[in-house]
Colleague: 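Dropping a structure here in C-alpha cells format, bear with me for questions.
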Amino acid sequence: MITITMPALSPTMEEGKLAKWLVKEGDAVSAGDIIAEIETDKATMEYECIDDGVVGRLLVSEGQEAIKINAPIALLLEAGEDKAALASFIPAAAPAVVAARPVAAAAPAAVTPVAMQAAPQQTSAPGSKPGGRIIASPLARRLASQKGLDLARITGSGPHGRIIKRDLEGVQPMAAAAPVAAAAAKPAANELALFPEGSYEIVAHTAMRKTIARRLTESKSTIPHFYLSIDCDLEALMDMREKLNAQTPKGDGGYKLSVNDFIIRASALALRRVPEAHASWTDAGLLRHKHADVGVAVSIEGGLITPIIRHADSKGLAEISNTMRDLAERARVRKLKPNEYEGGTFSISNLGMFGIRDFSAVINPPHSMILAVGAGEQRPVVRNGALAIATLMSCTLSCDHRVVDGVLGAQFLNVFRGFIEKPLTMLL
C-alpha cells in the first residue's frame, strides 16, 4: 500500500487545498495519470501519480483547505492487494512515500513535472510525531489555538499518541503565548462591536489574502524601509517606442513594446551597473546577486502575484515584452509554475495605468528594493530658463536600510533615470 501525501509545490508552501479529485475509489491509475488538482495561495497545480495501482481510499474531501504538506490524502493499493490492506493504515505512522508529483495545471502533456522531496526526518519530542507532524483532533487544535497552547509541548493520550481534548485540561500557556492569543482574539471582538449586527457580512479570508497579509506584515515589521523619489522625462523613450513598434515584424518575432518593458530593462541594467544595491539581507551575510531577476506585480482576482523575468539584464526589449505578456496572461488564470513567481532579486509595481501619480510600495522579501512607478503625464518644466511642457514619470524606490543606504539608493535611481531618458543606451 502506498500513501499519497500533500505535495510541497514550492519551497515556501506549508499547506494547500484539495481543489478537486479527478479519480474515485476503485479507479485503476498508472504512472503519469493526473489524479487531483491542488490549490495553493497563488496557483492551481495538477497532481500526477508516479505509481501504478488502484485508488483504495480518498482521505480528504474536495474543497478541504489547510492540509499540511506531507499529510496523507489518499491510499493506493498495489498489485495483489485488496481493500483489507487498508485496515493497516495508521495516520500517525504513515510512510513518508512520495507517490505523486505536481505539474503545472496548464497543459499536462506539455509540462515538465516538478520534482518532490520527502520531508526531512525530525527527532521526536512531546507532541511531535514521525515526520515532524503533530497529531491532534480538530477540537484539540481549536482549543489550543484559543488558549494559546503549544501542541508540540503536549503528550497525547489518544490512539497512536493523538492529542485529544482531555490532554489540554490544566495545561497553562507559555508566558509569550497567552498575550499573543489574547491580542489575536480581542481586536476581532472590538471591531465587530463597532458595527450594528446585520449591517455587514463576513467574507472568509482566501489563502492568497492570508499569504499577502502574512508576508507584508513580516516585511513592514522586520525590514527598515526608507523611500527615494525621482522624476524621469519620457519624451525620448516615447518617441523611440513608437518607432520600434512601427517596425515590428509580422508573425513570429513580432512584439508590441510598452513603457513597462523599458522600465524592466532599465531596472535590470541599473542593477548591473550598481551591484552594491543588488543584494539581499541574510543573517549569514549579504547575498550579492549575479543576475537581475526582476519581478513585476500583476493584479489578479483576489490579490496580486509577481511573475519574474529571469536574467532580465541579458534580455532585449522584444524578449522582455513577449515574456512579460505570456507571464501576465498565465498569472491571471493561475497557471504559473512556482519557479515563475518565487524568488527574484528586485520588484516593480506600476500603477501608472490607473492614473496614480506617485506611491510607495512595500518591499517583497527577500528583495532589498522595490520600484513604484506612477503615471507618465505632461507637466510644466523649466528648460534653459524658459517654461516648457514635458512628459514626466515619478518613481519611488523603497529600500531596505540594512542593505541599501541613502546614497546607494540615489545612485541606483540616477542610473535608472539615465537609461529611461536616453533609451538608446539600453540597446548597447
Side-chain angles (χ1 to χ4, degrees), residues 227-249 253-274 277-278 292-298 307-309 311-328 346-361 369-384 386-398 409-428:
Y227 310 94
L228 301 170
S229 296
I230 201 167
D231 290 333
C232 302
D233 190 327
L234 292 181
E235 297 286 345
L237 187 151
M238 298 294 286
D239 181 63
M240 179 176 170
R241 171 177 173 263
E242 182 179 356
K243 291 178 179 178
L244 288 175
N245 281 339
Q247 298 175 16
T248 181
Y255 54 82
K256 185 177 180 180
L257 301 179
S258 67
V259 173
N260 210 46
D261 299 327
F262 285 87
I263 292 170
I264 295 169
R265 172 73 171 160
S267 298
L269 293 177
L271 290 170
R272 180 195 291 176
R273 187 75 62 85
V274 189
H278 193 198
D293 295 335
V294 179
V296 181
V298 173
I308 298 166
I309 299 182
H311 294 206
D313 52 325
S314 61
K315 288 181 167 63
L317 287 166
E319 186 176 2
I320 287 174
S321 179
N322 291 331
T323 300
M324 189 65 234
R325 186 173 295 107
D326 171 65
L327 289 171
F346 181 83
S347 298
I348 296 171
S349 180
N350 190 341
L351 294 178
M353 66 286 296
F354 298 103
I356 302 300
R357 180 169 180 167
D358 60 77
F359 67 103
S360 300
M369 299 189 297
I370 181 171
L371 186 68
V373 180
E377 57 182 10
Q378 289 190 329
R379 303 178 201 166
V381 297
V382 177
R383 287 179 175 168
N384 300 321
L387 189 64
I389 300 296
T391 302
L392 300 182
M393 174 182 71
S394 295
C395 298
T396 299
L397 184 70
S398 302
Q411 289 174 347
F412 171 86
L413 274 183
N414 275 289
V415 172
F416 168 80
R417 180 172 60 181
F419 284 121
I420 292 293
E421 295 187 347
K422 297 178 180 179
L424 278 174
T425 58
M426 296 191 210
L427 307 181
L428 298 177

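No experiment lies behind these values; they were computed from the predicted model shown.
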Colleague: In terms of side-chain heavy atoms, does Ser258 have a donor or acceptor partner in Asp261 at a distance below 3.5 Å?
Modeller: yes

Colleague: Applying side chain to side chain contact (heavy atoms under 4.5 Å, CB included), name anything that partners Ala375, two or more places apart in sequence or on another chain.
Modeller: none

Colleague: In Å, rounded to the nearest 0.5 Å, how long is the span from CG of Leu413 to CG of Asp231?
Modeller: 11.0 Å

Colleague: Go through the structure and list residues passing salt bridge (Lys or Arg N to Asp or Glu O under 4.0 Å) with Glu377, not counting sequence neighbours.
Modeller: Arg357, Arg379

Colleague: With salt bridge (charged side-chain N to carboxylate O under 4.0 Å, His left out) as the rule and sequence neighbours excluded, what pairs involving residues 419-428 come up?
Modeller: none

Colleague: Is there side-chain contact between Leu269 and Val415, with heavy atoms separated by less than 4.5 Å?
Modeller: no

Colleague: Calculate, to the nearest 0.5 Å, the distance between atoms OG and CD1 belonging to Ser267 and Ile348 respectively.
Modeller: 3.5 Å

Colleague: Might you work through the side chain to side chain contact (heavy atoms under 4.5 Å, CB included) test for Leu397 and Phe416, ending with a clear yes or no?
Modeller: CA-CA 11 Å; Leu397 184 70; Phe416 168 80; over 6 Å; no

Colleague: How close do Gly418 and Thr425 get, counting heavy atoms only, and between which atoms?
Modeller: O-OG1, 4.3 Å

Colleague: Closest approach of Arg265 and Leu428, non-hydrogen atoms and distance?
Modeller: NH2-O, 4.4 Å

Colleague: Only counting residues at least two apart or in another chain, list the ones meeting side chain to side chain contact (heavy atoms under 4.5 Å, CB included) with Ala236.
Modeller: Pro423

Colleague: So which heavy atom on Pro307 is nearest to which on Leu327, and how close?
Modeller: CB-CB, 3.8 Å

Colleague: Just wondering, do Asp313 and His311 contact through their side chains at under 4.5 Å, heavy atoms?
Modeller: yes

Colleague: List for me each residue that meets side chain to side chain contact (heavy atoms under 4.5 Å, CB included) alongside Gln378, sequence neighbours excluded, and say none if there are none.
Modeller: Ile389, Thr391

Colleague: Mark yes or no for whether Asp326, through its side chain, and Asn322, through its backbone, hold a donor-acceptor pair below 3.5 Å.
Modeller: no

Colleague: Under the side chain to side chain contact (heavy atoms under 4.5 Å, CB included) rule, collect the residues that match up with Met238, sequence neighbours excluded.
Modeller: Leu234, Arg241, Val259

Colleague: List the atom of Leu257, the atom of Leu317, and the distance in Å for their closest heavy-atom pair.
Modeller: CD2-O, 3.6 Å

Colleague: With a 4.5 Å cut-off on side-chain heavy atoms, are Ile308 and Val294 touching?
Modeller: no

Colleague: Please examine the side chains of Met353 and Asn260, heavy atoms only from C-beta on, and report whether any two atoms are closer than 4.5 Å.
Modeller: no

Colleague: Do Thr248 and Asn245 come close enough that some side-chain heavy atom pair is under 4.5 Å?
Modeller: no

Colleague: Set out, in order, the CA-CA distance, both residues' side-chain angles and the distance that settles side chain to side chain contact (heavy atoms under 4.5 Å, CB included) for Val296 and Asn350, then state yes or no.
Modeller: CA-CA 8 Å; Val296 181; Asn350 190 341; over 6 Å; no

Colleague: Can you give me the closest heavy-atom contact between Phe262 and Ile420, atom names plus distance?
Modeller: O-CD1, 4.2 Å

Colleague: To the nearest 0.5 Å, what is the distance between OH on Tyr227 and CD1 on Ile370?
Modeller: 10.5 Å

Colleague: Would you mind reporting whether Ile263 and Met393 have side-chain heavy atoms less than 4.5 Å apart?
Modeller: yes

Colleague: Do side-chain atoms of Thr396 reach the backbone of Ala372 as a donor and acceptor pair under 3.5 angstrom?
Modeller: no

Colleague: Does the ring center of Phe346 lie less than 6.0 Å from the ring center of Phe412?
Modeller: yes

Colleague: Please report the C-alpha distance between Asp233 and Arg417 in whole Å, then the side-chain angles of each, then the deciding distance to 0.1 Å, and finally whether the side chain to side chain contact (heavy atoms under 4.5 Å, CB included) criterion is met.
Modeller: CA-CA 8 Å; Asp233 190 327; Arg417 180 172 60 181; over 6 Å; no

Colleague: How many angstroms lie between NE2 in His278 and CZ in Arg272, if you round to the nearest 0.5 Å?
Modeller: 11.0 Å

Colleague: Taking the side chain as everything from C-beta on, heavy atoms only, tell me whether Val298 gets closer than 4.5 Å to Met324.
Modeller: yes

Colleague: List the atom of Ala388, the atom of Arg383, and the distance in Å for their closest heavy-atom pair.
Modeller: CB-CD, 4.4 Å

Colleague: Do Met240 and Leu427 make a side-chain contact, defined as non-hydrogen atoms from C-beta onward lying under 4.5 Å apart?
Modeller: yes

Colleague: Just how far is it from atom CD1 of Ile309 to atom CD of Glu319, taken to the nearest 0.5 Å?
Modeller: 9.0 Å

